[in-house]
> 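First, the structure itself, so that you have it in front of you.
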Amino acid sequence: MRAPLAALALVLASSSAALAAEPPTFRLCTGSESGNYFRAGHMLKSKAGSLKIEVVPTQGSLDNLDKLSAGSCEGAFVQSDALLVYSSKNAAALSTIERAGVLYQEQVHLICNRGAGISRITDLGKANTVAVGPDGSGGRTTWDAFALADKKRFGPVNVDTRSGVRALSAVADGSQVQCALWVGALNASFIKNDAQAQGDRVVLVRSDDQEMVGAAKDARGQPVYSYGSIPAGTYPRVQPGGLVFGTKALDTIAVDALFVTAIPWVNANERAYDGLLRAFTAAKPQIQAIAQPQD
């Protein structure tokens, strides 16, 4: 009788050891299934080895931060200015979030009706309406961050929830909406194809605001913007003309796409987190390639 009991104990011990050694699951909140964040999540998953990564589609950066705070995800990809907007509503939540790295940089594209008389974002006023997209979208998050950082300048400007091609069509018409704000990497198809198709009616204008880079900071005092640029010739049909020929470069505000993680999960799984960070480093060149498509 003792021999079968000993064998059973050995089997149970082996099963317990196997369960204890099983790597934890890491749920990664990303974005829409057609977007770069979702694709980047699967690229990270492909480099993760034995760590189980579940790529979760979401409504965007603010939805990701909600899910991270609620424990529905252990990590997320978010715009850096989403931390500013989120901290204005839930500052305590940022103390449980760790910045794990930067995926790539995105540019704030401001595209306006050619007849609107707008050459820079600081020209906008109470007589103007800007299409920024619905709540939670990248454009709306950035606009809300602008308004938080400089309410006097951006507060009076009217906003519209239209986005995508619908917003472009409204800007081309110009009667209800004069500009559209879109956040994304250079050479993305939306600007390269859709916006340039309307090039006779719309034009890119400077989105840089010299005060914004210094003023916009999250609850930890970290700046959320930097200066960027759209090189001359990137979008020939919608960039302003140069002094002699061709197009000229445009100064922009740039925002980082961040990888953030839940500190409680990190503290409970330090060895797995080391592996996750190695996987992120390995996946980063591939991730940056999809965010910077070339001709």
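Computed from heavy atoms alone, side chains included, the values below leave out hydrogens, waters and symmetry copies.
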> Atom CG in Leu168, atom CZ in Arg162: separation rounded to 0.5 Å?
11.5 Å

> So which heavy atom on Lys47 is nearest to which on Ala279, and how close?
O-CB, 3.4 Å

> Classify the side-chain pair Gln176/Thr129 by whether it contains a donor and acceptor separated by less than 3.5 Å.
no

> Between Asp81 and Tyr225, is any side-chain donor less than 3.5 angstrom from a side-chain acceptor?
yes

> Between Asn113 and Gly115, is there a donor-acceptor pair closer than 3.5 Å when you use the side chain of the first and the backbone of the second?
yes

> What class does the angle between the rings of Phe259 and Phe280 fall in, given that below 30° is parallel, 30 to 60° is tilted and above 60° is perpendicular?
tilted

> Taking Gln239 for its side chain and Lys248 for its backbone only, find out whether a donor-acceptor pair lies under 3.5 Å.
yes

> Run the numbers on Ile253 and Ile121 for side chain to side chain contact (heavy atoms under 4.5 Å, CB included), then give the verdict.
CA-CA 10 Å; Ile253 289 288; Ile121 196 169; over 6 Å; no

> Regarding Tyr273 and Glu74, is there a side-chain donor-to-acceptor distance under 3.5 Å anywhere?
no

> Counting only heavy atoms not in Gln59, do more than 12 fall under 6.0 Å of its CD?
no

> Parallel, tilted or perpendicular: which describes the rings of Phe154 and Phe146, with under 30° parallel and over 60° perpendicular?
tilted

> Under a 4.0 Å threshold between the charged nitrogen and the carboxylate oxygen, would Glu54 count as salt-bridged to Arg27?
no

> Keeping the roles fixed (side chain from Gln196, backbone from Arg237), state whether a donor-acceptor pair exists under 3.5 Å.
yes

> State whether a side-chain donor-acceptor pair under 3.5 Å links Ser119 with Asp123.
yes

> Closest approach of Met43 and Ala283, non-hydrogen atoms and distance?
O-CB, 3.7 Å

> Could you tell me if the side chain of Lys67 sits less than 4.5 Å from the side chain of Leu62, heavy atoms only?
no

> Roughly how far, to the nearest 0.5 Å, is CG of Asp208 from OG1 of Thr252?
7.5 Å

> Donor-acceptor pair, distance only, cut-off 3.5 Å: does the side chain of Asn128 make one with the backbone of Gly125?
yes

> Please give me the minimum heavy-atom distance between Tyr37 and Ser61, naming the atom from each residue.
CE2-OG, 4.2 Å

> Search all heavy atoms of Leu51 against all heavy atoms of Pro24 and return the closest pair with its distance.
CD1-O, 3.2 Å

> Checking Tyr86 against Asp66: is there a side-chain donor and acceptor pair closer than 3.5 Å?
yes

> Give a yes or no on whether a salt bridge exists between Asp209 and Arg153, defined as a side-chain N under 4.0 angstrom from a carboxylate O.
yes

> State, with a plain yes or no, whether a side-chain heavy atom of Leu186 is found less than 4.5 Å away from one of Ile230.
yes

> Should the pair Trp182 and Phe190 be assigned to parallel (<30°), tilted (30 to 60°) or perpendicular (>60°) ring geometry?
tilted

> Whether the Asn64 and Thr58 side chains hold a donor-acceptor pair (N or O, under 3.5 Å, no angle test) is what I'd like checked.
yes

